[in-house]
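Throughout, a chain's letter reflects where its sequence line sits, starting with A, and its residues are numbered from 1. Scope of the values below: all heavy atoms of this structure, side chains included, with no hydrogens, waters or symmetry mates.
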Amino acid sequence: EAGVTQFPSHSVIEKGQTVTLRCDPISGHDNLYWYRRVMGKEIKFLLHFVKESKQDESGMPNNRFLAERTGGTYSTLKVQPAELEDSGVYFCASSQITGASYGYTFGSGTRLTVV
Amino acid sequence: DQQVKQNSPSLSVQEGRISILNCDYTNSMFDYFLWYKKYPAEGPTFLISISSIKDKNEDGRFTVFLNKSAKHLSLHIVPSQPGDSAVYFCAATRTARSNTGNQFYFGTGTSLTVIP
């Protein structure tokens with residue numbers, strides 16, 4: 001089966017611009033997660049979708065971040081306007097089962113650099 | 001406030017010897033723990049996990065030990081191989097909250113280098 005796909009793999013934008021990251025989960029996985037790793041720090045939770053619904057968005061840093069999951073398939077994460085501190089690697093992950101302690105499958109991430 | 005901590009940013013081990021990676025957590029509500037392995041330019045991949053009802057779980061060369069009273073877990077790799085060189089992340093979650101999914105809390109990672 002195809003894995004979790006993220007694009008772009010890299011994005012360099014200027015402060016104040018808008019960037020949209022995309023994630024295609026494994027087909028059939030209802031759960032989709034976004035995480036972020038700022039350089040040298042921990043991988044931090046941003047939000048969790050179950051199908052098209054936001055189950056938990058407690059990790060979203062502020063209202064400059066907007067996540068959507070159209071029709072319960074792929075998801076986008078938009079940052080508008082981007083700030084320097086938004087730089088980092090954004091990981092998407094998906095899993096089939098809700099509420100269970102299974103490891104997710106992660107994508108390879110989008111490295112965002114805001115200059 | 002970081003709830004999962006990996007205090008060693010890096011570790012070097014000779015091939016064939018044991019690698020021990022450590023992780024501490026602060027939240028006593030965590031009841032499931034995982035280790036992920038990450039190569040450069042790739043996403044983390046699931047390696048091994050352990051439930052809080054156990055104190056040890058073994059999978060081939062990888063063993064995870066859990067000490068709940070100390071809120072400490074460790075990953076042992078024996079024998080270590082050059083292909084094990086990667087960044088290892090410890091993660092923890094609380095599974096009791098059904099139907100809300102599982103937010104994982106990750107540590108900062110330990111970069112393991114296995115020297116041939």
Side-chain angles (χ1 to χ4, degrees), chain A residues 2-10 21 23-26 29-51 53-60 69 88-111, chain B residues 1-7 9-10 23-26 29-54 57 59 62 64 66 86-111:
Chain A
V4 177
T5 306
Q6 292 187 248
F7 37 94
S9 57
H10 293 83
L21 314 179
C23 169
D24 285 73
I26 292 172
H29 281 194
D30 288 341
N31 295 282
L32 186 149
Y33 307 83
W34 284 98
Y35 281 78
R36 174 175 74 173
R37 187 184 189 209
V38 173
M39 184 181 289
K41 301 209 169 177
E42 74 271 29
I43 301 172
K44 271 188 121 167
F45 171 82
L46 296 178
L47 89 159
H48 168 212
F49 283 99
V50 177
K51 297 185 180 177
S53 300
K54 290 176 187 173
Q55 187 71 45
D56 180 357
E57 52 183 330
S58 61
M60 294 288 264
R69 189 177 182 192
V89 182
Y90 289 76
F91 292 105
C92 176
S94 71
S95 70
Q96 199 163 23
I97 300 170
T98 300
S101 305
Y102 296 90
Y104 315 140
T105 302
F106 278 89
S108 55
T110 294
R111 181 174 295 278
Chain B
D1 180 31
Q2 209 173 326
Q3 300 187 53
V4 176
K5 297 179 183 178
Q6 293 176 258
N7 293 319
S10 62
C23 177
D24 298 289
Y25 62 96
T26 58
M29 300 300 290
F30 289 148
D31 57 3
Y32 207 80
F33 305 89
L34 308 92
W35 284 93
Y36 277 83
K37 176 179 178 179
K38 185 185 177 307
Y39 292 116
E42 294 184 10
T45 55
F46 171 74
L47 187 60
I48 192 170
S49 63
I50 187 167
S51 163
S52 60
I53 63 173
K54 296 185 175 181
N57 188 29
D59 183 3
F62 302 91
V64 56
L66 175 63
V87 178
Y88 289 78
F89 289 94
C90 171
T93 190
R94 180 182 166 196
T95 63
R97 297 162 61 205
S98 61
N99 297 323
T100 59
N102 292 88
Q103 174 187 155
F104 287 176
Y105 295 83
F106 284 86
T108 52
T110 296
S111 179

* To do: Identify which part of A:S58 has an atom lying under 4.5 Å from any heavy atom of chain B, answering side chain, backbone, both or neither.
  => side chain

* Rounded to the nearest 0.5 Å, how far does OH of A:Y35 lie from CD of B:Q103? -> 6.0 Å

* To do: Determine whether the aromatic ring centres of A:F106 and B:Y36 lie less than 6.0 Å apart.
  => yes

* **Pick from A:E42, A:K44, A:R37 with the largest number of heavy-atom pairs that fall under 4.5 Å of chain B** => A:E42

* Give a yes or no on this: more than 12 heavy atoms of other residues, nucleotides or ligands lie within 6.0 Å of atom NZ of A:K41. => no

* **Aromatic centroids of A:F45 and B:F106 separated by under 6.0 Å** => no

* Asked: If you look at every heavy atom in B:A41 and A:S108, which pair is closest and at what distance?
  -> O-CB, 3.8 Å

* Please name the pair of heavy atoms, one in A:I43 and one in B:P44, separated by the smallest distance, quoted to 0.1 Å. => CD1-CG, 3.9 Å

* To do: Side chain from CB out, backbone as N, CA, C, O: work out which of these in B:K5 comes under 4.5 Å of a heavy atom of chain A, or both, or neither.
  => neither

* Asked: Can you check whether B:F104's main-chain N or O pairs, donor with acceptor, with A:Y33's side chain at less than 3.5 Å?
  -> no

